[in-house]
Student: 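Can you read through this structure? Questions will come right after.
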Number of protein chains: 2
Amino acid sequence: MANTETLNRFFSYVDQNQDHYVARLREAVAIPSVSADADHREDVFRMGNWLIELFKQLNISYEAADVGTQMLDGKTLKLPPILLGTYGNDPNKKTILVYGHYDVQPALIEDGWSSEPWKLTEDSIGRLVGRGSSDDKGPIIGWLNAIEAHQKAGIEFPVNLKICFEGMEESGSEGLDDLILREANRYFKDVDAVCISDNYWLGVTKPCLTYGLRGISYFKVTVSGPGRDLHSGVFGGTVYEPMTDLIILFSKLVTPDGKILIPGINDDVAELTNEEKETYKSIDFKLHELQSAIESQTNLFDNEIQTLQARWRYPSLSIHGIEGAFSAPGAKTVLPCKVSGKFSIRSVPNMDPDKITSCVEKFLKEEFAKLGSKNKLNVECLHGAKSWVSSPNHWNFVAAAEAVEKVFNCKPDMTREGGSIPVTLTFQDALNKNVLLLPMGRGDDGAHSTNEKLDRFNYIQGTKLLGTYLHEVAAAKST
Amino acid sequence: MANTETLNRFFSYVDQNQDHYVARLREAVAIPSVSADADHREDVFRMGNWLIELFKQLNISYEAADVGTQMLDGKTLKLPPILLGTYGNDPNKKTILVYGHYDVQPALIEDGWSSEPWKLTEDSIGRLVGRGSSDDKGPIIGWLNAIEAHQKAGIEFPVNLKICFEGMEESGSEGLDDLILREANRYFKDVDAVCISDNYWLGVTKPCLTYGLRGISYFKVTVSGPGRDLHSGVFGGTVYEPMTDLIILFSKLVTPDGKILIPGINDDVAELTNEEKETYKSIDFKLHELQSAIESQTNLFDNEIQTLQARWRYPSLSIHGIEGAFSAPGAKTVLPCKVSGKFSIRSVPNMDPDKITSCVEKFLKEEFAKLGSKNKLNVECLHGAKSWVSSPNHWNFVAAAEAVEKVFNCKPDMTREGGSIPVTLTFQDALNKNVLLLPMGRGDDGAHSTNEKLDRFNYIQGTKLLGTYLHEVAAAKST
């Protein structure tokens with residue numbers, strides 16, 4: 001257990017300097033580091049340099065790893081550097097790797113922002129509104145604020161810190177996996193545990209630790225026939241129409257109430273144990289929070305536990321759309337010659353991506369054969385990522401739970417997430433160390449939406465939490 | 001029957017001046033009168049003025065009807081004038097109204113044209129390639145060439161001609177229906193019959209007269225649930241997904257082999273009579289022409305007559321696409337909150353658009369109720385146009401058939417079309433006169449495609465055909 005007096009000095013310094021931290025976040029938000037837009041690539045580099053300046057001020061030694069180039073909008077662009085930082089290398093301390101990202105989602109005030117997205121604006125109830133405030137500039141700056149606070153308050157830093165901040169997270173983390181594998185036995189070789197602060201509380205009042213993520217298998221199903229798009233007046237009724245075939249196939253994937261109909265898909269879902277069942281009881285989550293998030297009352301279940309289990313520990317199948325068909329407003333009488341439907345399956349332990357793909361292919365081929373169509377079918381898995389689940393009893397989690405209690409005076413919820421954060425699994429597999437997800441923001445931060453925000457409360461308490469976690473992890477028995 | 005010597009003089013003049021007519025068409029094609037593109041609106045007006053100059057040269061009196069404005073790409077644009085022309089007003093002659101359009105489809109050489117689309121280019125086998133050559137600049141200029149030839153060759157013009165050339169046909173004919181209704185008892189009041197040259201031969205070797213068109217009822221079916229698009233990782237498995245509902249509904253509309261499954265839709269289809277059956281026997285059409293047009297072998301029927309009947313005299317249902325879902329290349333894990341599927345039914349005598357709409361609405365509402373979804377359904381008919389069928393025994397058709405024999409030495413095919421040309425029905429209903437479709441171009445002209453062409457043969461023989469038709473119609477017993 002960390003020393004209470006030490007922590008109180010740290011907390012007190014953070015509280016006194018909160019306006020300084022907000023100003024720092026404001027500087028970062030002002031740099032529109034949108035990785036998905038070639039026109040903003042320079043800004044992503046600017047954001048990387050801004051962090052390097054801060055590394056220098058804080059005596060963090062660093063490497064800015066060049067991970068090559070990518071093609072975007074027909075241009076060859078340099079990928080932004082992955083910033084590797086080292087703060088401290090005392091062989092008597094644990095080494096903790098922290099990950100975050102300095103790129104952000106696109107944002108235009110015309111999309112419906114209530115204030116300029118690149119200008120951090122604090123509203124009357126202390127919400128810091130701006131693109132990247134919560135995802136993920138607040139958390140990465142939180143780590144740096146914590147280092148600075150220790151320096152300024154004269155507190156010994158409790159661990160050796162390894163930093164990995166990338167600039168391509170919102171665009172598929174290009175170059176990251178290769179770098180992690182390459183650095184596993186070099187830059188990252190002494191790492192004892194990993195902490196990622198890039199997700200959210202489940203709701204808006206209670207912190208959580210996240211120990212599981214669903215995987216994803218994303219499919220593109222193409223039906224093609226005619227060599228070119230046809231006019232439905234001239235050809236309707238005389239040809240096998242690819243859209244008809246695709247729609248019939250897709251109608252066989254899932255029921256309106258979410259049951260996946262593909263044989264074999266549900267076979268490997270891990271049983272719900274009594275221990276796991278227990279963890280759901282104390283979780284701070286109300287159906288009205290779901291309804292507020294989806295802005296409707298179209299929830300499938302009328303109770304919280306079924307809802308959370310459906311999100312976290314059971315697979316789901318969603319149909320995303322169709323490429324190649326008419327998708328604009330208005331009326332067009334085209335008979336599309338080649339259409340590609342997209343759907344994905346969110347997977348859970350112990351489903352295997354390869355088996356998912358083979359079940360999907362087999363089923364769709366059999367169903368297509370039943371149609372008796374002269375069109376052609378092609379099924380592709382565009383990407384597959386395994387689900388991830390960690391042990392909430394590992395010392396890394398126990399330390400984080402202790403830190404939550406110190407900062408927030410409550411026990412954290414133990415949560416999983418329905419989405420995937422692929423780097424989690426990469427770190428776990430490449431380093432063979434425990435990975436913890438320790439969020440700073442709230443469930444309603446709107447990370448990829450308009451009016452993204454981070455509450456001042458979460459930013460300041462979150463800075464304390466990240467620092468306290470390092471003290472607790474240092475004090476933890478790592479056996 | 002028209003006087004053979006007179007016709008021969010007319011033919012001879014046309015043959016001798018064919019290069020002049022091609023040069024005239026080249027001038028017209030050089031004006032990119034694309035009605036769908038705000039940036040080309042000025043060119044549509046230029047094209048109108050080019051025709052007005054020709055009217056003046058040919059002593060055609062005219063009115064350029066101002067039909068107001070439209071909103072396009074966020075701009076308010078003046079609609080191009082509908083050119084009303086009058087050539088002759090001898091009370092002893094019949095009055096024939098001819099319709100055509102001077103706007104064209106868009107064209108970019110990058111789309112795959114083998115030559116500059118706005119430069120009429122003649123290839124080694126006499127194909128005049130250029131946007132608008134066949135649709136519909138060749139035919140409208142054909143009428144004017146015929147007038148000029150009569151003047152230059154000193155042949156009395158056989159009828160009074162009323163002209164109606166619009167500049168918005170490729171963009172919904174905005175303003176046209178209102179004008180026709182308004183002018184029915186004024187400008188068009190003495191019209192005895194109508195001739196539209198804006199469609200195509202069935203194949204590539206034999207002229208045709210067209211006496212029927214299918215109607216269309218176009219539906220937009222919207223399923224909505226959540227108030228905003230959701231992330232499938234976070235919400236997949238916990239909400240009723242609009243895409244799932246829509247796909248299941250659409251899978252119940254039609255079978256892969258084209259049978260419409262909506263109860264009531266097939267009830268009012270007119271029986272195939274023996275007389276009609278007979279007309280199919282002589283029609284110049286081969287399955288390989290269909291396969292060449294669709295660039296595949298995915299035809300539903302293995303014989304010509306079933307294929308033509310399916311195109312012309314039976315209804316069909318085509319699914320066009322989905323608005324609001326993910327339609328771009330690549331993978332996006334969106335769970336769309338509101339999706340609008342579009343499909344249309346091509347209708348035939350004696351189906352009624354209102355009954356089609358009520359059958360569709362009833363069926364979709366019943367099927368949606370079966371899904372047990374909490375989402376909302378909305379069904380709209382975006383537009384409905386009745387099918388059209390005329391009598392091939394009317395003197396207007398008999399005269400045209402006679403003209404075909406004079407110019408081409410063969411009897412025309414009597415055809416219908418699978419698509420709709422709404423102005424046909426408007427003229428018939430507003431004027432209560434027989435309407436004939438008399439095409440100039442061939443089935444492979446590619447009116448809305450790259451490398452649109454009009455064969456020099458069709459242009460020159462077509463000019464003769466239009467003139468000869470006027471002679472035959474003048475000679476016809478109109479009782």
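We name chains A, B, ... by the order of the sequence lines, and we start the count at 1 in each one.
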Student: Nearest 0.5 Å please: distance from the OG atom of A:S316 over to the CG atom of B:L335.
Tutor: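 Here the rounded value is 8.5 Å.
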Student: Apply the test side-chain contact (heavy atoms from CB on, under 4.5 Å) to residues A:I247 and B:I247: give CA-CA distance (whole Å), side-chain angles for both, the deciding distance (0.1 Å), then the verdict.
Tutor: CA-CA 6 Å; A:I247 294 281; B:I247 294 281; 3.7 Å; yes
Student: Within the side chain of A:R214, is there an N or O that forms a donor-acceptor pair under 3.5 Å with the backbone of B:V234?
Tutor: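 No; judged by distance alone, with no hydrogens or angles, the pair does not exist.
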Student: State the OG1-CZ distance between B:T333 and A:F343, to the nearest 0.5 angstrom.
Tutor: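 So the OG1 of B:T333 and the CZ of A:F343 are separated by 14.5 Å.
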Student: Count the heavy-atom pairs under 4.5 Å between each of B:F219, B:Y314, B:F235 and chain A, then report the option with the highest count.
Tutor: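 Ranked by contacts with chain A, first place is B:F235.
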Student: Taking side chain as everything from C-beta outward and backbone as N, CA, C, O, which of these in A:Q291 sits under 4.5 Å from a heavy atom of chain B? Side chain, backbone, both or neither.
Tutor: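 Answer is neither: A:Q291 stays 4.5 Å or more from chain B.
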Student: Identify which part of B:Q297 has an atom lying under 4.5 Å from any heavy atom of chain A, answering side chain, backbone, both or neither.
Tutor: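 Contact with chain A involves the backbone of B:Q297 alone.
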Student: Give the member of A:G419, A:S327, A:G258 that has the highest number of heavy-atom pairs under 4.5 Å with chain B.
Tutor: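 That would be A:S327.
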Student: Show the nearest heavy-atom pair for residues B:S296 and A:G227, with the distance to one decimal.
Tutor: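 Minimum heavy-atom contact is CB-N, 4.3 Å.
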Student: Under a 4.5 Å heavy-atom cut-off, does chain B meet the side chain of A:P336, its backbone, both or neither?
Tutor: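 Answer is side chain: those atoms of A:P336 sit under 4.5 Å from chain B.
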Student: Applying side-chain contact (heavy atoms from CB on, under 4.5 Å), run through B:E295 and A:C337 and close with a yes or a no.
Tutor: CA-CA 10 Å; B:E295 296 177 13; A:C337 65; over 6 Å; no
Student: Looking at B:A293, B:S449, B:P315, B:A310, which has the largest count of heavy-atom pairs under 4.5 Å with chain A?
Tutor: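 Among the listed options, the one with the most contacts to chain A is B:A293.
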Student: Do any N or O atoms from the side chain of A:Y218 and from the backbone of B:K332 form a donor-acceptor pair under 3.5 angstrom?
Tutor: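 Between the backbone of B:K332 and the side chain of A:Y218 there is a qualifying donor-acceptor contact (under 3.5 Å).
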Student: Can you see whether A:S318 engages B:S232 through a side-chain donor-acceptor pair at a distance of less than 3.5 angstrom?
Tutor: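 No, B:S232 and A:S318 have no side-chain donor paired with an acceptor closer than 3.5 Å.
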Student: Where does A:R346 contact chain B at under 4.5 Å (heavy atoms): side chain, backbone, both or neither?
Tutor: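 Side chain of A:R346 only, per the 4.5 Å heavy-atom cut-off to chain B.
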Student: Measure A:T255 against the heavy atoms of chain B and call it side chain, backbone, both or neither at under 4.5 Å.
Tutor: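 For A:T255, backbone heavy atoms alone lie under 4.5 Å from chain B.
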Student: Between CE of B:M243 and NZ of A:K342, what distance do you get to the nearest 0.5 Å?
Tutor: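 Here the rounded value is 11.0 Å.
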Student: Tell me, side chain or backbone of B:D245 under 4.5 Å from chain A's heavy atoms, or both, or neither?
Tutor: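 The side chain, not the backbone.
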Student: Using every non-hydrogen atom in the two residues, find where A:H383 and B:A331 come nearest and quote the distance to one decimal.
Tutor: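 Nearest heavy atoms, A:H383 then B:A331: CE1-CB, 4.1 Å.
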Student: Using a cut-off of under 4.5 Å on heavy-atom pairs, state which of A:A325, A:P226, A:S224 scores highest against chain B.
Tutor: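 Looking at each option in turn, the highest pair count goes to A:P226.
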Student: Spell out the residues in residues 371-381 of chain A that have some non-hydrogen atom less than 4.5 Å away from a non-hydrogen atom of chain B, in order of number; otherwise answer 'none'.
Tutor: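 A:L371, A:K374, A:N375, listed by number.
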Student: What part of A:L317 is in contact with chain B, defined as an atom under 4.5 angstrom from a non-hydrogen atom: side chain, backbone, both or neither?
Tutor: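 Contact with chain B is through the backbone of A:L317 alone.
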Student: Pick whichever of B:K252, B:E417, B:E241, B:R228 has the most heavy-atom pairs under 4.5 Å with chain A.
Tutor: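 Top count of heavy-atom pairs under 4.5 Å with chain A: B:R228.
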Student: Starting at CD1 of A:I319, measure out to CD1 of B:I322 and round the result to the nearest 0.5 Å.
Tutor: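 Taking CD1 in A:I319 and CD1 in B:I322, the distance rounds to 8.5 Å.
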Student: Measure the OH-CD1 distance between B:Y240 and A:I294 for me, rounded to the nearest 0.5 Å.
Tutor: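 One gets 11.0 Å once the value is rounded to the nearest 0.5 Å.
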Student: Using non-hydrogen atoms only, which part of A:I248 is less than 4.5 Å away from chain B: side chain, backbone, both, or neither?
Tutor: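 Both parts, backbone and side chain.
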Student: Can you name the salt bridge (Lys or Arg N to Asp or Glu O under 4.0 Å) partners of B:D257, sequence neighbours left out?
Tutor: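 Scan of B:D257 (salt bridge (Lys or Arg N to Asp or Glu O under 4.0 Å), adjacent residues dropped) gives B:K259.
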Student: Taking all atoms of both residues into account, what is the closest heavy-atom pair of B:G237 and A:F301, and its distance?
Tutor: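 Result for this residue pair: O-CE1, 3.4 Å.
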Student: If I measure from the heavy atoms of chain A, does B:H320 come under 4.5 Å with its side chain, its backbone, both, or neither?
Tutor: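 Contact with chain A involves both backbone and side-chain atoms of B:H320.
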Student: What part of B:T238 gets closer than 4.5 Å to chain A, counting heavy atoms only: side chain, backbone, both or neither?
Tutor: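 Both backbone and side chain.
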